[in-house]
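Okay, so here's the structure we're looking at.
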Amino acid sequence: MKSSYLGAMMLVLLLLQGCLSMGDPSTQILGKWQASVGGFPIVVEYSALSVKIGDNDAVAYQLTEDQLSFANGGQQVRTVSFPNRNEMILADPLTGSTHTYKRLL
């Protein structure tokens, strides 16, 4: 009886931990992502403080809840969402355009 109770508690704790990590965009965004923009593949890499697009220099970004802005982007803001661990969607509220990124493992 004790082992089944401990097993159930471990499962609940693992599920809670997974939900907590999936809920924090600042953690989810980290890593390399690939998308197609204008028919061309691009790779972007997010670190804790900056984003690097292809071979270009890294640019500072700020992520506040689901609002992503860039240091050199003026007032450009993107809404970021994560349908799952390996997919990120950036939406431009001004134009209504979206880009889907897949995590590179």
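All values below come from the heavy atoms of this structure, side chains included, with hydrogens, waters and symmetry mates left out.
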(message) Would you say that Ile89 contacts Tyr101 through its side chain, given a criterion of any heavy-atom pair below 4.5 Å between the two side chains?
(response) no
(request) State, with a plain yes or no, whether a side-chain heavy atom of Pro25 is found less than 4.5 Å away from one of Phe82. (result) yes
(request) Taking atom CG of Asn56 as the centre, report whether more than 12 heavy atoms of other residues, nucleotides or ligands fall under 6.0 Å from it. (result) yes
(request) Please say whether more than 12 non-hydrogen atoms of neighbouring residues, nucleotides or ligands are located less than 6.0 Å from CG in Leu49. (result) no
(request) Could I get the full list of side-chain hydrogen bond (donor to acceptor under 3.5 Å, both in side chains) partners for Thr100, not counting sequence neighbours? (result) none
(message) For a quick test of reading the model, state the closest non-hydrogen atom pair linking Val59 to Ala71 and the distance between them.
(response) CG1-N, 4.2 Å
Spell out, yes or no, whether [X] and [Y] are grouped together once hydrophobic residues are joined by side-chain heavy atoms under 4.5 Å, including indirect joins.
X	Y	result
Ile53	Leu68	yes
Val80	Val37	yes
Met88	Phe70	yes
Val44	Leu30	yes

(request) Scan for salt bridge (Lys or Arg N to Asp or Glu O under 4.0 Å) pairs involving residues 88-105, sequence neighbours excluded, and state none if there are none. (result) Arg78-Asp92, Glu87-Lys102
(message) I need the full list of side-chain hydrogen bond (donor to acceptor under 3.5 Å, both in side chains) pairs touching residues 32-49, with sequence neighbours left out, sorted by first then second residue.
(response) Ser47-Ser50
(request) Give, for atom CD1 of Ile29 and atom CG of Leu63, the distance between the pair rounded to the nearest 0.5 Å. (result) 5.0 Å
